[in-house]
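Worksheet for the structure shown next.
Letters go in sequence order (proteins before strands), and every chain restarts at 1. Only heavy atoms go into these numbers, but all of them, side chains included; no hydrogens, no water, no symmetry mates. Values in this document were obtained by computation on a predicted structure and should not be read as measured data.
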Amino acid sequence: AQSVTQPDIHITVSEGASLELRCNYSYGATPYLFWYVQSPGQGLQLLLKYFSGDTLVQGIKGFEAEFKRSQSSFNLRKPSVHWSDAAEYFCAVGDGNNDMRFGAGTRLTVKP
Amino acid sequence: KAGVTQTPRYLIKTRGQQVTLSCSPISGHRSVSWYQQTPGQGLQFLFEYFSETQRNKGNFPGRFSGRQFSNSRSEMNVSTLELGDSALYLCASSLERGATEAFFGQGTRLTVV
């Protein structure tokens, strides 16, 4: 069965600094990979997704992620963080049948 | 176009009662999935409905059930509520099964007292 590990529960970065959120997955076949963001009391918004092709994917709000099969990783990056990026970020792996398994999430705090 | 609509947004119930939550997917979307989000367990998949049939089910007791109507709207029901059922329940809609993108509603916050 597929599973996701997000090693960092909480990360704090300064506004304008770069960001990398880690995600490791376990899945037997080629995974469907996603990053979602959740603001307090809200649902999840899709930032980006990977199914095949170019291993570097661009998403909304200036985010990107790189799929590394050899490392079973799908880390999320942003070159310069804005205060509005403070939220919880979830990595998810799916099998293409709408059954997604989510990581525990990483809470991002942005210092002014 | 309108997003995924979940009603009600907030709900308080007493232990032992039952509750029904509603989800209206994006127009034209035929697949609806439900997730439970708690601080302790995180986001967990409940079940998926497509064409009025449950296609996939997570590891939850039979007290959790759902259905989907011909217009793709879905309901989930929890019977004999327990304190541990307090959670944010999220609904996600997709165009088809195996779709490459799921859109989430804002969720229903259920509190069991």
Legend entry - Neighbourhood of chain A inside residues 103-113 of chain B, taking heavy atoms under 4.5 Å as contact: B:Phe104, B:Gly105, B:Gln106
Legend entry - CD on B:Glu101 to CZ on A:Phe34, rounded to 0.5 Å: 8.5 Å
Inset, instruction - Any chance you could pull the hydrophobic cluster mates of A:Leu56, using side-chain heavy atoms under 4.5 angstrom and chaining through other members? - result: none
Legend entry - Closest non-hydrogen atom pair, B:Gln37 against A:Phe90: NE2-CZ, 3.4 Å
Inset, instruction - Pick one of side chain, backbone, both or neither for A:Gln38, based on which atoms fall under 4.5 Å of a heavy atom in chain B. - result: side chain
Inset, instruction - Give a yes or no on whether A:Leu48 and A:Tyr25 share a hydrophobic cluster (residues Ile, Leu, Val, Met, Phe, Trp, Tyr; joining criterion: side-chain heavy atoms under 4.5 Å apart). - result: yes
Inset, instruction - Please report the closest heavy-atom contact between B:Tyr35 and A:Met100, naming both atoms and the distance. - result: OH-N, 3.2 Å
Legend entry - Crowding at CZ, A:Arg107 (>12 non-hydrogen neighbours, <6.0 Å): no
Legend entry - Co-membership, hydrophobic cluster, residues B:Leu83 and B:Leu11, 4.5 Å side-chain: yes
Legend entry - Enclosure of A:Arg77 CZ (heavy-atom neighbours >12, cutoff 6.0 Å): yes
Inset, instruction - Verify the cluster assignment for A:Trp35 and A:Val81: are they in a single hydrophobic cluster under the rule of side-chain heavy atoms below 4.5 Å apart? - result: yes
Inset, instruction - Decide if atom CG of B:Asn71 counts as having more than 12 heavy atoms of other residues, nucleotides or ligands within a radius under 6.0 Å. - result: yes
Legend entry - Non-hydrogen atoms of A:Gln42 and B:Leu88 that approach each other most closely: O-CD2, 4.2 Å
Legend entry - Contacting region of B:Gln41 [heavy-atom separation from chain A under 4.5 Å]: neither
Inset, instruction - Return yes when atom CD1 of A:Ile60 has more than 12 non-hydrogen atoms of other residues, nucleotides or ligands closer than 6.0 Å, and no otherwise. - result: yes
Legend entry - Within 6.0 Å of NZ in A:Lys111, more than 12 heavy atoms from elsewhere: no
